[in-house]
Each structure stands twice: as C-alpha cells, then as structure tokens.
Amino acid sequence: PDWRALRSLFRELDFKRLLTALERRAPQAAGPATSVKPLAGADDVADCLQALGSASVSAMGCWPAGESIVFAAAVDPESAWVGRLDRELIQQPTWRRLVEWLGDPSRRKVGHDVKGSLRLLNAQGLRVAGFSGDTMIAAYLIEPVGGGIGLKALGSRYLDRPMLNIEDLIGARGKQITMDHVDIGLATTYACSDADVTFQLVDILRKKLNELELLPLFENIEVPLIRV
C-alpha cells in the first residue's frame with residue numbers, strides 16, 4: 001500500500017487510532033531511518049566528541065535504564081550517537097571529555113522536554129549547561145490548544161516522519177519496564193530517532209516562533225525558566 005498517502009488521509013480525517021496502527025505496522029514508511037552510531041568504545045566517543053565540538057548546536061535526549069541512562073545526541077539530520085551512561089562509567093578517562101562537553105555553557109544544546117533530561121542527568125551526578133532550546137516548549141507556544149506537543153506528533157506534523165511510541169518499547173503505564181530491559185537494537189533505534197527528529201525540528205519551530213513574534217518570549221523567558 002501507499003503508506004504515505006494513507007497517513008496523509010488519516011491525518012486529514014483525524015483517524016487517530018488508525019494512524020497509530022499504521023505507524024506501528026510501518027514505522028519507517030514515510031522517511032529514511034536514522035543511522036545509529038553506538039558509543040561502544042574510546043574511538044566512538046572520540047568521534048562523537050569531534051562532531052559535537054564542531055557543531056553549532058546539538059540535540060540530545062535521555063531515558064531511564066535501571067541504574068544507568070540511555071543518552072543520544074544528533075548534530076546532523078538522519079543520524080545520531082547513542083550509549084549508556086552511569087556514575088561509574090563517567091569516571092573513566094574515555095568519558096570525561098563527554099562530561100566536560102555536557103557542562104560547557106558555550107556548547108549549545110537543545111532537547112525535547114529538557115527538564116526530564118536534566119533530572120536524569122543530575123541523578124547520575126552530571127551537571128549540564130548550554131541548553132538553548134526545547135522543542136516541546138516551542139511547540140506549545142506555537143499551538144497551545146489542540147496541537148499536540150509530543151515529539152511523535154511533531155515529527156509526523158512537520159517532517160512526515162512516523163516514529164515508535166515509547167509504549168511500544170516499555171509497555172503501558174502501570175506495567176512499564178525500563179530501557180535496560182528492551183531489545184538493544186530497538187532501544188538504540190528509538191533513542192537515535194528521537195534525537196534526530198529533535199535536531200530537525202529546531203530550525204522549523206524557530207522559524208514559526210519568529211513568524212508569530214514569539215521568539216523573544218521563547219529565548220528570554222521560557223528557556224531560562226527550564227532550570228527553575
């Protein structure tokens with residue numbers, strides 16, 4: 001079937017259940033898959049840091065995984081780095097430079113639900129500086145009523161990009177598992193896709209904020225309040 005045409009029709013008719021079912025059946029039907037770059041060793045971390053260091057802005061996200069967290073970062077479309085972080089790992093020399101990058105206020109970072117990521121990172125003893133945007137907050141300012149500010153809704157709306165829902169990985173509320181119990185391939189694909197889509201949304205949402213004359217409110221009030 002023509003998945004793209006079906007998705008457009010279901011969105012137009014507001015067939016939410018059918019759209020959800022379609023996305024689960026064809027999770028990559030309407031766009032290229034994110035290239036996964038695992039942070040498995042010293043060379044991977046070095047390559048990641050080189051990319052992060054040369055980027056004007058980086059998108060990142062975190063998810064709980066037992067005693068550790070899953071961390072993903074993207075600096076260009078259609079690819080992202082992903083790895084596990086915990087208190088023991090970040091003491092190793094290989095990872096100390098990543099810790100330094102996280103705490104460097106001159107390295108611009110964006111995320112989706114930055115407060116959630118900050119809570120997870122802080123719980124691992126990591127202090128993060130340099131967040132300059134949150135796509136969830138930007139989406140709310142653009143369309144505060146009925147627009148849908150979840151990353152999956154935004155990916156579908158602005159990028160025509162179907163994405164896995166977190167419930168597809170960890171289960172429904174009340175019976176959820178953490179990411180450390182999810183198939184490694186599925187977990188890394190999910191995390192990288194989220195970071196990639198967040199990165200691609202930054203310029204799109206910034207342009208819309210500017211058109212609506214909301215950019216000063218976003219930059220001068222909303223972003224600084226993320227840490228409150």
Side-chain angles (χ1 to χ4, degrees), residues 34 36-40 44-45 48-49 51-52 55 57-76 79-92 94-105 107-139 149-152 154-155 163-171 173 176-202 223 225-228:
T34 301
V36 174
K37 300 178 180 180
L39 295 171
D44 300 323
V45 176
C48 175
L49 285 168
L52 294 173
V57 63
S58 305
M60 54 173 284
C62 299
W63 300 265
E67 297 299 318
S68 63
I69 61 174
V70 174
F71 167 84
V75 299
D76 54 53
S79 67
W81 302 89
V82 63
R84 292 269 291 272
L85 295 177
D86 58 40
R87 286 180 174 271
E88 181 177 346
L89 189 65
I90 62 176
Q91 301 305 319
Q92 298 178 13
T94 297
W95 295 87
R96 289 306 302 171
R97 286 181 56 208
L98 179 59
V99 174
E100 293 169 2
W101 175 83
L102 286 168
D104 188 344
R107 299 300 184 185
R108 294 177 58 232
K109 309 166 185 75
V110 296
H112 188 86
D113 184 17
V114 170
K115 278 183 178 289
S117 291
L118 287 174
R119 283 194 296 269
L120 292 172
L121 290 163
N122 291 344
Q124 296 296 329
L126 293 164
R127 296 296 175 262
V128 186
F131 269 113
S132 61
D134 187 323
T135 51
M136 185 174 74
I137 295 173
I149 61 174
L151 188 60
K152 312 308 179 281
L154 298 176
M163 302 169 67
L164 287 171
N165 293 307
I166 188 66
E167 292 80 10
D168 296 328
L169 277 71
I170 65 174
R173 185 172 298 179
Q176 292 181 336
I177 59 175
T178 52
M179 292 283 267
D180 52 318
H181 295 292
V182 175
D183 173 78
I184 186 65
L186 193 59
T188 54
T189 297
Y190 175 89
C192 285
S193 179
D194 270 26
D196 168 26
V197 168
T198 300
F199 179 84
Q200 294 190 58
L201 285 171
V202 170
V223 172
L225 284 174
I226 288 175
R227 289 190 170 275
V228 175

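Here the structure is a predicted model, which means the values were calculated and not measured.
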Under a 4.5 Å cut-off applied to non-hydrogen side-chain atoms, are [X] and [Y] in contact?
{"X": "I226", "Y": "I137", "value": "yes"}
{"X": "F199", "Y": "V57", "value": "yes"}
{"X": "D194", "Y": "M163", "value": "yes"}
{"X": "W95", "Y": "E88", "value": "no"}
{"X": "F71", "Y": "L102", "value": "yes"}
{"X": "C62", "Y": "L121", "value": "yes"}

Which atom pair, heavy atoms only, marks the closest approach of [X] to [Y]?
{"X": "W101", "Y": "L49", "value": "CB-CD2, 4.1 Å"}
{"X": "R87", "Y": "A123", "value": "NH2-O, 2.9 Å"}
{"X": "A74", "Y": "S79", "value": "CB-O, 3.5 Å"}
{"X": "V110", "Y": "S132", "value": "CG1-OG, 3.9 Å"}
{"X": "A191", "Y": "V70", "value": "CB-CG1, 3.9 Å"}

Verdict with supporting geometry, L151 and L201, side-chain contact (heavy atoms from CB on, under 4.5 Å) | CA-CA 9 Å; L151 188 60; L201 285 171; 3.6 Å; yes
Neighbour count >12 (heavy atoms, 6.0 Å) for atom CD, E67 =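 Check fails, neighbour count at 12 or below.
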Above 12 or not: heavy atoms from other molecules or residues under 6.0 Å from CD of Q176?
->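 Atom CD in Q176 is crowded, with more than 12 foreign heavy atoms closer than 6.0 Å.
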[atom2] on [Y] to [atom1] on [X], rounded to 0.5 Å:
{"X": "M179", "Y": "I166", "atom1": "CE", "atom2": "CD1", "value": "5.0 Å"}
{"X": "L118", "Y": "R127", "atom1": "CG", "atom2": "CZ", "value": "10.0 Å"}
{"X": "S68", "Y": "L89", "atom1": "OG", "atom2": "CG", "value": "9.0 Å"}
{"X": "D113", "Y": "D134", "atom1": "CG", "atom2": "CG", "value": "6.5 Å"}
{"X": "L126", "Y": "I90", "atom1": "CG", "atom2": "CD1", "value": "4.0 Å"}
{"X": "Q91", "Y": "D86", "atom1": "CD", "atom2": "CG", "value": "9.5 Å"}

Evaluate side-chain contact (heavy atoms from CB on, under 4.5 Å) for L98 paired with L52, printing each intermediate quantity in order.
-> CA-CA 9 Å; L98 179 59; L52 294 173; 4.1 Å; yes
Among V82, V75, L39, whose side chain to side chain contact (heavy atoms under 4.5 Å, CB included) with C48 holds?
->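 Going through the options one by one, the only one that passes is L39.
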Counting only N and O atoms by type, is there a donor-acceptor contact under 3.5 Å from the side chain of [X] to the main-chain atoms of [Y]?
{"X": "N165", "Y": "E167", "answer": "no"}
{"X": "T188", "Y": "I184", "answer": "yes"}
{"X": "D196", "Y": "C192", "answer": "no"}
{"X": "H112", "Y": "I149", "answer": "yes"}
{"X": "K109", "Y": "S58", "answer": "no"}

Might you work through the side-chain contact (heavy atoms from CB on, under 4.5 Å) test for L154 and V197, ending with a clear yes or no?
-> CA-CA 9 Å; L154 298 176; V197 168; 6.0 Å; no
Could you go step by step and tell me if K115 and F131 meet the side-chain contact (heavy atoms from CB on, under 4.5 Å) rule?
-> CA-CA 10 Å; K115 278 183 178 289; F131 269 113; over 6 Å; no
